[in-house]
Amino acid sequence: ARTNLIVQNSTFSKNAAMASGQIGVTNVDRDGGGLFVTDNSVTLISGSTIDSNYTQGRGAGIFSAGSNGELTIRDSVISNNRTNANGSLWRGRGGGVALEAAGRETLITNSLITGNTSTDVGGGLVTTRGNTVMENTTVSGNYGGYGFADGFAVKLNDAGIDGDVTAAIDSIVAGVGTDPDNYLFNR
């Protein structure tokens, strides 16, 4: 069954997803500091602010995992979110948004993703699975760890899934460094 979530004209601020040394806590328990979107959900985020959230995993602002469903982010600001995975490779990706849901359709329109920090790639946004389209959106002033992909990191076919599509249409993607390879990364 599908779950519907509408977040409209709202603010998610200063939330945290941390393991805190609890017994039986898995990696997924540390993801999605501001908002965690999971299997078969239809989620609309409109006119909202996702700001200053923190995670010890992936997607400090928004983390999308699982399979199938739809995620639409429209007329929103995702800013100043921060991951800190303590050196665990690929765990601290997606300071602003981490999209890792196989078969999920994601549309980001007329939005701003800025001032986010990750300890791995994709300071602003990382997508590893599913179809992602970004239109009239600015991804700027973000910082990705390891010195690359400050803005938008794309890791296609992470799980061997064919047909994943990522597109940036009429959008601006800019990192904080001077190296143009820092802005867009495809591994």
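Between the side chain of Asn68 and the backbone N or O of Asn40, no donor-acceptor pair lies under 3.5 Å. Looking at Asn116, its side chain does come within 3.5 Å of a backbone N or O of Asn80 through a donor-acceptor pair. At distances below 3.5 Å, at least one donor-acceptor pair connects side-chain atoms of Thr83 with backbone N or O atoms of Gly92. Side-chain N or O atoms of Ser52 include none that pairs as donor or acceptor with a backbone N or O of Lys14 at under 3.5 Å. No donor-acceptor pair under 3.5 Å is formed between the side chain of Asn142 and the backbone N or O of Gly95.
Nearest heavy-atom pair, Asp31 versus Ala17, reported as atom, atom and distance to 0.1 Å: O-CB, 3.6 Å. Closest non-hydrogen pair, Arg104 versus Ala65, comes out as NH2-O, 3.6 Å. Here the shortest heavy-atom pairing between Ser118 and Gly144 reads OG-CA, 3.6 Å. Between Ile108 and Ser111, the shortest heavy-atom contact is CG2-CB, 4.1 Å. Across all their heavy atoms, Ser171 and Thr137 have their closest contact at CB-O, 3.0 Å. In this structure, Thr114 and Gly141 approach most closely via the heavy-atom pair OG1-CA, 4.3 Å.
Hydrophobic clustering (ILVMFWY, side-chain heavy atoms < 4.5 Å, transitive): Ile113 and Val7 are in one cluster. Ile45 and Phe12 fall within the same hydrophobic cluster, where Ile, Leu, Val, Met, Phe, Trp and Tyr residues are linked whenever their side-chain heavy atoms come under 4.5 Å apart, directly or through other members. Under a hydrophobic-cluster definition in which Ile, Leu, Val, Met, Phe, Trp and Tyr are linked whenever side-chain heavy atoms come within less than 4.5 Å, directly or via other members, Val42 and Leu99 are assigned to different clusters.
Annotation: the span from Phe36 atom CZ to Ile62 atom CD1 amounts to 12.5 Å, rounded to 0.5 Å. Separating the CD atom in Gln56 from the CG atom in Asn84 is a distance of 7.0 Å, to the nearest 0.5 Å. Rounding to the nearest 0.5 Å places OH of Tyr143 at 10.0 Å from OG1 of Thr119. Summarising the geometry, atom CE belonging to Met134 is positioned 11.0 Å from atom CG belonging to Leu107; distances are rounded to the nearest 0.5 Å. Taking CG of Asn136 as the start and CG of Leu112 as the end, the distance is 13.0 Å to the nearest 0.5 Å. Distance check: Arg82 CZ to Thr117 OG1 gives 7.5 Å after rounding to the nearest 0.5 Å.
When only modelled atom types and interatomic distance are considered, Asp51 and Ser79 share a side-chain donor-acceptor pair under 3.5 Å.
Clustering of Ile, Leu, Val, Met, Phe, Trp and Tyr by side-chain heavy atoms under 4.5 Å joins Leu44 with Ile6.
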Ignoring hydrogens and angles, write down the donor-acceptor pairs under 3.5 Å from the side chains of residues 71-78, residues two or more places apart or on other chains.
residue	atom	partner	partner atom	Å
Ser76	OG	Gly47	N	3.3
Ser76	OG	Ser48	N	3.1
Ser76	OG	Ser48	O	3.4
Ser76	OG	Arg74	O	2.9

